[in-house]
There are 2 protein chains.
Amino acid sequence: MRNSLADVVSAALRVLEAQGLEGCSMRRVAAELGVQPSALYHHVPDKQTLLALMADRIVAGAGAAEGDPRRFCVALRDAMLAVRDGADVVATAAAFRLGASEIEERLAALVGADGARTLLLYTFGHAQSTQTHLQAAALGALAAFAAGPPAGGPAVAAAAGQTATPAAVAEAELEASFGRGLDIILAGLR
Amino acid sequence: MRNSLADVVSAALRVLEAQGLEGCSMRRVAAELGVQPSALYHHVPDKQTLLALMADRIVAGAGAAEGDPRRFCVALRDAMLAVRDGADVVATAAAFRLGASEIEERLAALVGADGARTLLLYTFGHAQSTQTHLQAAALGALAAFAAGPPAGGPAVAAAAGQTATPAAVAEAELEASFGRGLDIILAGLR
DNA sequence: ACCTGAACACCGTTCAAGT
DNA sequence: ACCTGAACACCGTTCAAGT
């Protein structure tokens, strides 16, 4: 026995982290495993199924925070943002089975079916948009740095009173925006 | 002058309707236009840009319903569902520019920035999931029909007291579910 | 059970060259 | 300005065959 299904999913997540969703091809996953592309089809019927299994693993990190729907959504967001393109992977897979996932059931027990659906769609969508923006900003910052890095580096910038990088500011604002939207929905549920 | 940018977008929407998002390749759009694939790159820098232009056209149909945020979201949903895979196209393109679209500005004028973001993310996500489910159900019904069509057809089924098809029931339930989620968010905004 | 090797039918994008 | 023709570097998936 050379590779299990779990090995395939792990390899796929490694490729996702290294190359992003666009670069996460069946051929590259096979190469990561040291195997021919066709070998993957012994473990998985198609790429879509592999992506769904990856989504399950990404989201499995949000297992705690049982009782509180707000904490649960925040944990879900954190789990998605912790993996490169994680929100895209989860959101795409989720569209296929909303109404049938274990996550939704657990949330539905707390706030009802409509509330759970609303919270999840918002959480997935906001995380997806956040990750897209942060990624684009990081790329832009990289390009600016390549064009001409700031003299003195971060230490000098901090001494000049710029204690937070623009990226950190954007990240904090997006997190706050997420929280406000969450509170709007939770208020509507009462 | 053979083809304009508008012609390219129109051709792409025709291919989308006929083949779905998966079949909407640059090569097929070019064929629809009677042109070599490379000719498209005179009008558009890449496929992603073309998809964004398609999204704008799909959503342009929701121009009316100015004053009422609820009506606006319903019109948006209708516009997306009216085109095959329309919700996917719009949602994907939207992730790239949430916070920068004209649609969001108009909604923000009515309910504030956080409210607009929340409503849009929910509307896009729900429409995407709805379209996915209805499409899968339609495929399933087709397969069932191929396996053995109901004797007598719809007329006999209706006479037997089954006045609505399962597809129509699912569609109505999804529309109702969408409305309830919308009302949760709108209640939270007050 | 798990994998190889080879093939099929595609992709998006670039680029010199034409009119 | 708009397009052709040819090429480059890839895809997902299938299938007979090996161990």
Side-chain angles (χ1 to χ4, degrees), chain A residues 1-56 84-85 88-89 91-93 95-96 132 135-136 139 143, chain B residues 1-56 84-85 88-89 91-93 95-96 132 135-136 139 143:
Chain A
M1 190 187 41
R2 296 265 287 236
N3 285 302
S4 68
L5 176 57
D7 295 332
V8 172
V9 177
S10 298
L13 286 169
R14 264 179 273 132
V15 174
L16 181 70
E17 195 64 55
Q19 318 273 357
L21 182 54
E22 206 171 89
C24 191
S25 66
M26 297 297 269
R27 293 173 116 101
R28 283 218 246 244
V29 173
E32 170 76 20
L33 237 37
V35 123
Q36 294 293 318
S38 53
L40 298 181
Y41 293 86
H42 194 80
H43 300 278
V44 120
D46 50 35
K47 188 180 182 180
Q48 201 189 128
T49 302
L50 179 53
L51 284 168
L53 293 170
M54 293 163 71
D56 285 342
R84 158 119 91 132
D85 287 342
D88 270 287
V89 173
T92 302
F96 250 93
T132 302
Q135 225 160 262
L139 255 173
Chain B
M1 190 186 42
R2 299 262 287 234
N3 284 302
S4 68
L5 176 57
D7 294 333
V8 172
V9 177
S10 298
L13 286 169
R14 261 178 276 134
V15 174
L16 181 70
E17 195 65 54
Q19 318 273 358
L21 182 54
E22 205 171 271
C24 191
S25 66
M26 296 297 267
R27 294 173 116 100
R28 283 219 247 242
V29 173
E32 170 75 22
L33 237 37
V35 124
Q36 294 292 320
S38 53
L40 297 181
Y41 292 85
H42 195 80
H43 300 279
V44 122
D46 50 34
K47 188 181 181 178
Q48 200 190 128
T49 303
L50 179 54
L51 283 168
L53 292 170
M54 291 162 72
D56 286 342
R84 158 121 89 135
D85 286 341
D88 271 286
V89 173
T92 303
F96 249 94
T132 301
Q135 224 159 262
L139 256 172

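Bear in mind the structure is a predicted one, so any value in this text is a computation, not a measurement. Protein chains get the first letters and strands the later ones, always in sequence-line order, with residue 1 at the start of each.
For the pair A/Met26 CE and D/dT14 C1', the computed distance is 12 Å after rounding to whole Å. Whole-Å rounding puts the A/Glu22 CD to D/dC10 C1' distance at 12 Å. Atom CG in B/Leu5 sits roughly 12 Å away from atom P in D/dC3 (whole-Å rounding). Across the protein-nucleic acid pair, A/Leu33 atom CG and C/dA1 atom P stand 19 Å apart, rounded to whole Å. Here the C1' atom of nucleotide C/dA17 and the OH atom of B/Tyr41 are 19 Å apart, to the nearest Å. One interatomic measurement links the two molecules: CG of A/Leu40 to C1' of D/dC11, which rounds to 13 Å at whole-angstrom precision. Distance A/Gln19 CD to D/dC11 C1': 15 Å, rounded to the nearest Å.
Between A/Asn3 and C/dC2 there is no side-chain N or O to OP1 or OP2 distance below 4.0 Å. An OP1 or OP2 oxygen of D/dT4 is reached within less than 4.0 angstrom by no side-chain nitrogen or oxygen of B/His42. Within the structure, a side-chain polar atom (N or O) of A/His43 is placed less than 4.0 Å from OP1 or OP2 of C/dC3. For B/Gln36, a side-chain nitrogen or oxygen approaches OP1 or OP2 of D/dG5 to under 4.0 Å.
Side-chain atoms of B/Asp46 and B/Thr49 include a donor-acceptor pair closer than 3.5 Å. Inspection of the B/Asp7 and B/Ser4 side chains reveals an N or O donor paired with an N or O acceptor under 3.5 Å.
Here A/Leu16 contributes atom CG and A/Arg28 contributes atom CZ; the two are 12.0 Å apart, rounded to the nearest 0.5 Å. Atom NE2 of B/His43 sits about 5.5 Å away from atom CG of B/Asn3, to the nearest 0.5 Å. Once rounded to the nearest 0.5 Å, the distance linking NE2 of A/His42 with CZ of A/Arg2 reads 13.0 Å.
Figure legend. C/dG5 is base-paired to D/dC15; pairs are counted as Watson-Crick or G-U wobble with both atom distances under 3.5 Å.
Among the nucleotides D/dC3, C/dG12, C/dC3, the one closest to the side chain of B/Lys47 is C/dG12. Side chain of A/Pro37, nearest nucleotide from C/dT13, D/dT13, D/dG5: D/dT13. In the set D/dC11, C/dT14, C/dC11, the nucleotide with an atom closest to the side chain of A/Ser25 is D/dC11.
Residue side chain B/Ser38 reaches the base of D/dG5 through a donor-acceptor N/O pair under 3.5 Å, judged by distance alone.
Here the separation of D/dA9 from C/dC10, taken at their P atoms, is 22 Å to the nearest Å.
In this structure, A/Ala39 and A/Arg28 both approach DNA chain D, and ranking their closest nucleotides by distance from the 5' end singles out A/Arg28. If A/Arg2 and B/Arg27 are placed on DNA chain C by their nearest nucleotide, the residue sitting closer to the 5' end is A/Arg2.
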